[in-house]
Amino acid sequence: MTTTFRATIEMRWTDCDLLGHVNNAKFIEFAQDARIRFFGEDSTITWGRDNSMVVRHMEVDYERPLFLTSSPIHVDVSILKIGNSSCTIRHDICDKDGNRAARVDAVLVGFDGKTNTSKPLSDEIKTLLSKYLVES
């Protein structure tokens with residue numbers, strides 16, 4: 001059974017465009033907010049310049065609009081793939097009724113901020129990721 005991490009996010013009036021829809025760029029912010037909460041969940045990992053991750057690639061599929069009345073939304077985070085130095089994270093962004101509005105897939109790479117180069121993922125990070133790995 002796959003475990004999903006869920007982040008609940010309250011939307012703000014400023015998240016909407018002139019048509020009353022949530023602006024498309026906000027979906028990426030919602031995914032980022034959920035991802036930060038996800039990685040902050042495990043207090044045994046010490047994040048810093050020599051132990052961090054950066055976004056390498058991102059894809060967004062918009063399936064339906066969100067409105068201010070769609071709040072609070074939730075973002076379900078799961079892991080699609082764990083490699084030596086990268087992982088693929090899925091973010092399903094849903095309205096308050098559970099209807100998926102967008103799916104964001106992001107590839108993150110282990111990163112050493114001192115040398116500005118990629119690095120292998122630590123065993124601690126791989127352990128956290130494996131808890132949410134989707135079995136294919």
*Asks:* So do the side chains of Asp33 and Glu29 get within less than 4.5 Å of each other, counting heavy atoms only?
*Replies:* no
*Asks:* Is the side chain of His74 donor-acceptor paired with the backbone N or O of Arg6 at a distance under 3.5 Å, no angle test?
*Replies:* no
*Asks:* Is the ring pair Phe67/His21 parallel, tilted or perpendicular, if the boundaries are 30 and 60 degrees?
*Replies:* tilted
*Asks:* State, yes or no, whether a side-chain contact exists between Phe27 and Val75 at a heavy-atom distance under 4.5 Å.
*Replies:* no
*Asks:* Any sub-3.5 Å donor-acceptor pair from Ser130's side-chain atoms to Thr127's backbone N or O?
*Replies:* yes
*Asks:* Taking all atoms of both residues into account, what is the closest heavy-atom pair of Phe38 and Leu129, and its distance?
*Replies:* CE2-CD2, 4.0 Å
*Asks:* Find the distance between CG (Asn99) and OG (Ser70) and round it off to the nearest 0.5 Å.
*Replies:* 9.0 Å
*Asks:* Look at the side chain of Tyr62 and the backbone N and O of Asn24, then say whether any donor-acceptor pair between them is shorter than 3.5 Å.
*Replies:* yes
*Asks:* Taking all non-hydrogen atoms of both residues, which atom of Ile93 and which atom of Ala31 are closest, and how far apart?
*Replies:* CD1-N, 4.4 Å
*Asks:* Within the side chain of Arg35, is there an N or O that forms a donor-acceptor pair under 3.5 Å with the backbone of Val77?
*Replies:* no
*Asks:* When hydrophobic residues are tied together by side-chain contacts of less than 4.5 Å, even through go-betweens, does Val109 share a cluster with Leu133?
*Replies:* no
*Asks:* Do side-chain atoms of Lys119 reach the backbone of Gly113 as a donor and acceptor pair under 3.5 angstrom?
*Replies:* no
*Asks:* Work out which heavy atom in Glu10 is nearest to a heavy atom in Ser71; give both atom names and the distance.
*Replies:* OE1-OG, 3.3 Å
*Asks:* Under the 3.5 angstrom rule, does the side chain of Ser52 hit a backbone N or O of Phe111 as a donor-acceptor pair?
*Replies:* yes
*Asks:* Distance-only, no hydrogens or angles: does the Asp95 side chain make a donor-acceptor pair with backbone N or O of Asp97 under 3.5 Å?
*Replies:* yes
*Asks:* Indicate the atoms forming the closest heavy-atom contact of Leu68 with Cys16, along with that distance.
*Replies:* N-SG, 4.0 Å
*Asks:* To the closest 0.5 Å, what do you measure between CZ (Arg64) and SG (Cys94)?
*Replies:* 9.5 Å
*Asks:* Could you go through Ile79 and Phe5, starting from their C-alpha distance and side-chain angles, then the distance that decides it, and tell me whether this counts as side-chain contact (heavy atoms from CB on, under 4.5 Å)?
*Replies:* CA-CA 10 Å; Ile79 306 302; Phe5 176 85; over 6 Å; no
*Asks:* Over all heavy atoms of both residues, which pair between Thr14 and Lys26 is shortest? Give the atoms and the distance, please.
*Replies:* O-CE, 4.1 Å
*Asks:* Nearest 0.5 Å, please: how far is CD1 in Ile73 from CD1 in Ile9?
*Replies:* 4.5 Å
*Asks:* Any link between Leu66 and Trp13 through a network of hydrophobic side chains (Ile, Leu, Val, Met, Phe, Trp, Tyr) touching at under 4.5 Å?
*Replies:* yes
*Asks:* Would you check if Val104 and Ile28 make a side-chain contact, meaning some heavy-atom pair closer than 4.5 Å?
*Replies:* no
*Asks:* Taking all non-hydrogen atoms of both residues into account, name the closest pair between Met11 and Asp15 and its distance.
*Replies:* CA-OD2, 3.5 Å
*Asks:* How many angstroms lie between OG in Ser86 and NE2 in His57, if you round to the nearest 0.5 Å?
*Replies:* 12.0 Å
*Asks:* Should we say atom CZ of Arg100 is surrounded by more than 12 heavy atoms from elsewhere, each under 6.0 Å from it?
*Replies:* yes
*Asks:* Out of curiosity, Ile89 CD1 to Asp105 CG, how far, rounded to the nearest 0.5 Å?
*Replies:* 10.0 Å
*Asks:* With rounding to the nearest 0.5 Å, note down the distance linking CE in Met53 to SG in Cys87.
*Replies:* 3.5 Å
*Asks:* Check this for me: does any side-chain nitrogen of one of Lys126 and Asp123 sit under 4.0 Å from a carboxylate oxygen of the other?
*Replies:* no
*Asks:* Is Val60 reachable from Val54 through a run of hydrophobic residues whose side-chain heavy atoms are each under 4.5 Å from the next?
*Replies:* no
*Asks:* Any chain of hydrophobic side-chain contacts (each under 4.5 Å) joining Ile45 to Leu108?
*Replies:* yes
*Asks:* With heavy-atom distances below 4.5 Å as the criterion, would you say the side chains of Lys131 and Thr3 are in contact?
*Replies:* no
